[in-house]
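This report concerns only the one structure given below.
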Amino acid sequence: MPAASTSNNVQCLSCHRAHATGFESSLRFFYLNEFMTVADSANAAIYDSSTTENKINYGYSQTQQQNAYNYRPATVFGPWARSYCNKCHAKD
């Protein structure tokens, strides 16, 4: 995937919501961690339920995370889905 350029069609609402969100700066996703989802023992996508570091889940329960992602289940994103910042700000 090529990096973002000045000719890309991106607008504020590509990354931000017009109204309240579950994340900082009205973002559509949690940007302070590399991943939005993790994987269970069968490699199926799930939202992080860890309560030790809160790096992926921002301290939210799995239900709260699904609600913050517009009620989308983790399977929509897939296991170990990277933050969507990577789509325009390529880090891979």
Which atom pairs, one a donor and one an acceptor, fall under 3.5 Å between side chains of residues 39-46 and the rest of the protein, sequence neighbours left out?
{"from": "D40", "atom 1": "OD1", "to": "A42", "atom 2": "N", "distance (Å)": "3.0"}
{"from": "D40", "atom 1": "OD1", "to": "N43", "atom 2": "N", "distance (Å)": "3.1"}
{"from": "D40", "atom 1": "OD1", "to": "A44", "atom 2": "N", "distance (Å)": "2.8"}

Sequence neighbours excluded, the answer for ring-ring contact (aromatic ring centres under 6.0 Å, His included) partners of Y47 is Y69
Interatomic distance, CD@E24 vs CZ@F30, rounded to 0.5 Å, equals 7.0 Å
By side-chain hydrogen bond (donor to acceptor under 3.5 Å, both in side chains), S26 pairs with (sequence neighbours left out) none
Using a 3.5 Å distance criterion without hydrogens, assess whether the side chain of S25 forms a donor-acceptor pair with backbone atoms of L27. no
Smallest heavy-atom separation, F77 atom then T37 atom, equals CB-CG2, 4.1 Å
_Tell me whether Q65 contacts the main-chain N or O of D48 through its side chain, where contact means a donor paired with an acceptor under 3.5 Å._
yes
Value for CZ (R28) from CE (M36), rounded to nearest 0.5 Å, stands at 12.5 Å
Taken to the nearest 0.5 Å, the spacing of Q66 CD from Y71 OH works out to 10.0 Å
Y60 side chain reached by F23 side chain, heavy atoms, under 4.5 Å
yes
Side chain to side chain contact (heavy atoms under 4.5 Å, CB included) for R17 and N70? Distances and angles first, verdict last. CA-CA 11 Å; R17 288 191 188 151; N70 244 3; 3.6 Å; yes
